[in-house]
There are 2 protein chains.
Amino acid sequence: MHDPLSHYPGYSLRRAANATAAELAARLSDIGLKQVDASLLLLIGANPDVTASALGRELDIQRANMVPLLKRLEDGGLIDRNPLDGKSQGLVLTADGEDRRKEALAIIEAFESALLARIPADHRHHLLPALQALWRNA
Amino acid sequence: MHDPLSHYPGYSLRRAANATAAELAARLSDIGLKQVDASLLLLIGANPDVTASALGRELDIQRANMVPLLKRLEDGGLIDRNPLDGKSQGLVLTADGEDRRKEALAIIEAFESALLARIPADHRHHLLPALQALWRNA
DNA sequence: TAGCGATTGTTGTTGCGTATAGCAATCCAT
DNA sequence: ATGGATTGCTATACGCAACAACAATCGCTA
């Protein structure tokens, strides 16, 4: 079947993103996490007492949609909330949350290594800067 | 805010894909098409009398989900169905569909050019092969 | 310091895309 | 001719993200 699509960088970008996302999702499901969960754990771990709003801004997730996400992490005993003032709550990892963060980190690093390994050496180190140029100048 | 995520190729891949997909969607909405619609028009145009099943396999869309997609294109007068045998139907573009396909193609090519233009020249031509390595070896 | 716009966390609702199961009709290879 | 695979389709359900709205609080400024 003739394919007029896959020579487009934009199309291949979407296909590659889908394929790799599915693979990462499968790996993370081993420890009962979704990709968003893992992102949140890493972000909270690196920024103790961040607010839900700040996380949403960083990940481009609307405030409203953060609620069920964080609730799930809290119900799972992975994060705690510290009232910072009468309005904002700082988020921190619990001991369990920190453990899970480390597990997620290990999975992600292994996954990223596997990704890079798939790319021919002469293209390999060009991918990240090219992608960042696309994303950040959007 | 410290960001432990964006130096990962996999993460940047997803972010870049989202950002660029949103941009393409905006451009295609000018002619009343979604990205899937445009993909289908290009694919059908390049492969007259393809079947819905074949299209689904090519685009990784389940048979069941092709139905409303093609129905919309048919209702819009962009495609026609030719019974190939008692079971399969070949899909072809109508005259209007061919016109719309050309419009979509122009938009897509302009969009892809804009994408590449954003990437520093020394990384530019490495993107496509790197992405294809990720996608096809998935 | 009183007031006002902006911010935070939250609820509820909606729409879109996709996965899943099932079904009748047809094809194709043995 | 028969059984397994394929095609097109219905119906349903789930997850994710957008949107509107709201009360409470913060922080700047007049």
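Numbers restart at 1 for each chain; the letters A, B, ... are given by sequence-line order, proteins then strands. Below, all heavy atoms of this structure are taken into account, side chains as well, without hydrogens, waters or symmetry copies. Quantities reported herein were computed from a predicted structural model and do not represent experimental measurements.
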L43(A) backbone acceptor or donor facing N47(A) side chain under 3.5 Å: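 Side chain of N47(A) to backbone of L43(A), a donor-acceptor pair under 3.5 Å: yes, one is there.
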Check: S6(A) main-chain N/O paired with S12(A) side-chain donor or acceptor under 3.5 Å: yes
Within residues 69-82 of chain A, residues whose heavy atoms come under 4.0 Å of DNA chain C: R81(A)
Inter-end axis angle, the helix from dT1(C)-dA30(D) to dT30(C)-dA1(D), with every axis fitted to five base pairs (rounded, 10 degrees):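 If I round to tens, the end axes sit 30° apart.
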Flag side-chain contact, heavy atom, 4.5 Å: L33(A) against E103(A): no
Which residues share a side chain to side chain donor-acceptor pair (under 3.5 Å) with N82(B), sequence neighbours left out: D49(B)
Non-neighbouring partners of R124(B) that pass side chain to side chain donor-acceptor pair (under 3.5 Å), sequence neighbours left out: none
Heteroatom pairs (N/O) under 3.5 angstrom, protein to nucleotides 2-4 of chain D:
none

Closest approach of Y8(B) to L105(A) (non-hydrogen atoms, all atoms of both residues): OH-CD1, 3.3 Å
Where I108(B) and A38(B) come nearest, the two heavy atoms and their spacing: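 Taking every non-hydrogen atom into account, CD1-CB, 4.2 Å.
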Residue pairs, two or more places apart or on separate chains, that pass side chain to side chain donor-acceptor pair (under 3.5 Å) and touch residues 30-45 of chain B: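 For residues 30-45 of chain B, and leaving out neighbouring residues, the side chain to side chain donor-acceptor pair (under 3.5 Å) pairs sorted by first residue read R14(A)-Q35(B), D37(B)-R72(B).
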Geometric class of the W135(A)/Y11(B) ring pair [parallel <30°, tilted 30-60°, perpendicular >60°]: perpendicular
Integer-rounded Å distance: dT7(C) C1' and M66(A) CE: 15 Å
Holding to side chain to side chain contact (heavy atoms under 4.5 Å, CB included), I want the full list of residues that pass it with [X], two or more places apart in sequence or in another chain.
| X | value |
| --- | --- |
| T51(A) | S53(A), A54(A), L84(A), S88(A) |
| A106(B) | none |
| A17(B) | L13(A), A17(A) |

Pairwise distance CD(E74(B)) to CD1(I79(B)) - rounded to 0.5 angstrom: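 E74(B) atom CD to I79(B) atom CD1 measures 6.0 Å (nearest 0.5 Å).
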Residues in contact with DNA chain D, drawn from residues 48-59 of chain A - heavy-atom cutoff 4.0 Å: none
Letter per nucleotide, 5' to 3', of nucleotides 19-30 of chain C [B base touched, S only sugar-phosphate touched, - untouched; heavy atoms, 4.0 Å]: BBB----BS---
Minimum-distance nucleotide (side-chain atoms of K34(A) versus dC16(D), dT10(D), dG17(C)):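 Among dC16(D), dT10(D), dG17(C), the one nearest the side chain of K34(A) is dC16(D).
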For a quick test of your reading: what N or O donor-acceptor pairs under 3.5 Å do the side chains of residues 89-102 of chain B make, sequence neighbours left out?
residue	atom	partner	partner atom	Å
Q89(B)	OE1	R81(B)	NH1	3.1
T94(B)	OG1	G77(B)	O	2.6
T94(B)	OG1	L78(B)	O	3.1
T94(B)	OG1	D96(B)	N	3.4
T94(B)	OG1	G97(B)	N	2.9
E98(B)	OE1	R101(B)	NH1	3.0
E98(B)	OE2	R101(B)	NH1	2.5
E98(B)	OE2	K102(B)	NZ	3.3
R100(B)	NH1	I31(B)	O	3.1

Salt bridge R118(A)-E112(A), side-chain N to carboxylate O under 4.0 Å: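 Between E112(A) and R118(A) there is no salt bridge, as every charged N stays at least 4.0 Å from the carboxylate O atoms.
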